[in-house]
Protein chains: 2
Amino acid sequence: MLNQIAASEDLVFFRPHQFLTRENERPDALFDIVEGWACRHRLLSDGRRQITALYLPGDLCDPLWSLTSTCNEPVVALTNIRATRRTLNVADGYILDRQKGFSTRLAESVERQSNWLVSLGRKTAVERLAHLLLELFERMRRAGLAYGQQCALPLTQMDIADATGLTAVHVNRTLQSMRSKGVLELHSKWLRIPDLGALRDLAALGPNDAV
Amino acid sequence: MLNQIAASEDLVFFRPHQFLTRENERPDALFDIVEGWACRHRLLSDGRRQITALYLPGDLCDPLWSLTSTCNEPVVALTNIRATRRTLNVADGYILDRQKGFSTRLAESVERQSNWLVSLGRKTAVERLAHLLLELFERMRRAGLAYGQQCALPLTQMDIADATGLTAVHVNRTLQSMRSKGVLELHSKWLRIPDLGALRDLAALGPNDAV
DNA sequence: CCAGTGAGTTAGCTTATGTTAGCGTCGGGA
DNA sequence: TCCCGACGCTAACATAAGCTAACTCACTGG
């Protein structure tokens, strides 16, 4: 009944659009991203796409879905990626990890997914963008990859659109207007947030919400 | 490091709008709903509400959030509720349950949340409603609470709106149009689906999607 | 018996966001 | 060097969904 993380740790590489994991595959390993970004997404038959999770350097990918036996959402690289592949021993669907903050990451995943649900269900374009960029900046900061108020943000506007449930065109429009109001700068895959507080206000976060 | 479900099992009751769990409380127990419906939701400062999970008879509430130390979304009763309260031993954030299909329920929660994300992010009103009603019917069926093509559905149109990220008015409009097309009947908290296949088509589900 | 409340319904109008199309720039590959 | 495809950007127009408000119909409680 007791499970362990096996010792196996391969270093692996991916290019943009490459799959880290595929649909309908039993996940037997988790990727610990060392460098680069990835996402989990779902494609509808007519081409609509929804990104359901973003993975940044330092992220485990994916604690949540490792709990399921088969997964119907692939994980794809958004940039070049360097990662370590950690195989798991899974018995009876229970997962136990004694060495790293696995359960902490799990809890974060749960909370993030929930935040996204609220965002997609009830927030305006400005609020969604503010929320997303804030979240990403904060995660980069915690990963030690932010420099002052700035960090890398290697997403295309279409990626952002598919994460926020908007269109690329509308993302562009909305970003322009936010730029012109001075609450953020974003060009050539680089994000700067002059005033964290102002952006936080725009994000319509509750008093208890993290980020 | 080994945790157990303690023996404690109290029978508890709730009335509509009563809290099963509150915000910012450390969850030390899970509710097993015997009868009635509940939901988890988030309230924005201006009154907007998003339901992030629905709990039906037979559901555990909530496997996902029991993984976090404190939770920022309350669970409230939507109807009269009878439930058994199961206290947990939680050590270091890990949860282990040897007696019931806890991990199966966990996996289902993860998948449902993900489905909802796609729905809220990328689907039209008709698709969202078809998807939600289909999911609820299927869950009722599996709980042994469906009778042929029918089941109870004790949600108000506003509840449905807050689950699907729409307005009550628009839910009403859309339901009307679906009714007039004969793909569903819904009155006095009772749902009938004359043609499961037709509704499935409207829901824009992928080939791998459950429900 | 009536007043009050919550729910469903419908209509008219408004608006945020989607759609389509086109332009310019950049960088990589042949 | 020259394509060619991604990407960012913009404008004009289309539409799904939001907003407000009113009316009805149960129910419930006094």
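Remember, it's a predicted structure, so these values are computed and weren't measured experimentally. A note on names: the letters A, B, ... follow the listed sequences, proteins ahead of strands, and every chain is numbered from 1. Side chains are part of it too, since the values below use all heavy atoms of this structure and drop only hydrogens, waters and symmetry mates.
With B:D62 contributing its side chain and B:L64 its backbone, the two residues share a donor-acceptor pair below 3.5 Å. Checked by atom type and distance alone, the side chain of B:R49 never pairs as donor or acceptor with a backbone atom of B:L43 at under 3.5 Å. At distances below 3.5 Å, at least one donor-acceptor pair connects side-chain atoms of B:R179 with backbone N or O atoms of B:L186.
Atoms CE (B:M158) and C1' (C:dT5) sit 14 Å apart, rounded to a whole Å. Between the CG atom of B:D162 and the P atom of C:dA7 there is a distance of 12 Å, rounded to whole Å. Spacing between atom CH2 of B:W190 and atom P of C:dG8 amounts to 17 Å, rounded to whole angstrom units. The CZ-C1' distance, from B:R48 to C:dA16, rounds to 13 Å in whole Å. Summarising the geometry, the separation between CD1 on B:I160 and C1' on C:dG8 is reported as 11 Å, rounded to the nearest angstrom. Look at CD on A:Q50: it is 12 Å from P on C:dG18, rounded to the nearest Å. For the pair A:H170 NE2 and C:dA21 P, the interatomic distance rounds to 20 Å; values are reported in whole Å. Regarding B:R173, its CZ atom lies at a distance of 11 Å from the P atom of C:dT10, rounded to whole Å.
Put simply, B:R179 has a side-chain N or O that comes within less than 4.0 Å of OP1 or OP2 on C:dT9. In terms of phosphate contacts, A:K123 brings no side-chain nitrogen or oxygen within less than 4.0 Å of OP1 or OP2 of C:dA16.
Inspection of the B:H170 and B:R173 side chains reveals an N or O donor paired with an N or O acceptor under 3.5 Å.
From the 5' end on, the contacts that DNA chain D makes with chain A at under 4.0 Å to a non-hydrogen atom open and close at D:dC7 to D:dA12.
Using a 4.0 Å heavy-atom distance criterion, A:A125 is classed as a sugar-phosphate-only contact. Counting non-hydrogen atoms under 4.0 angstrom, A:T124 reaches the backbone sugars and phosphates but no base.
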inquiry  = One pair to check against side-chain hydrogen bond (donor to acceptor under 3.5 Å, both in side chains): A:S114 and B:E73. What are the steps and the verdict?
reply    = CA-CA 9 Å; A:S114 215; B:E73 295 178 5; 2.5 Å; yes
task = Dump the intermediate steps for ring-ring contact (aromatic ring centres under 6.0 Å, His included) on B:Y55 and B:F31, then the final yes or no.
result = CA-CA 10 Å; B:Y55 305 113; B:F31 293 99; over 10 Å; no
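Closest approach to the A:L166 side chain among C:dT17, C:dA11, C:dA7 is made by C:dT17 (side chain taken as heavy atoms from C-beta onward).
The shortest distance between side-chain heavy atoms of B:L44 and A:K123 falls below 4.5 Å.
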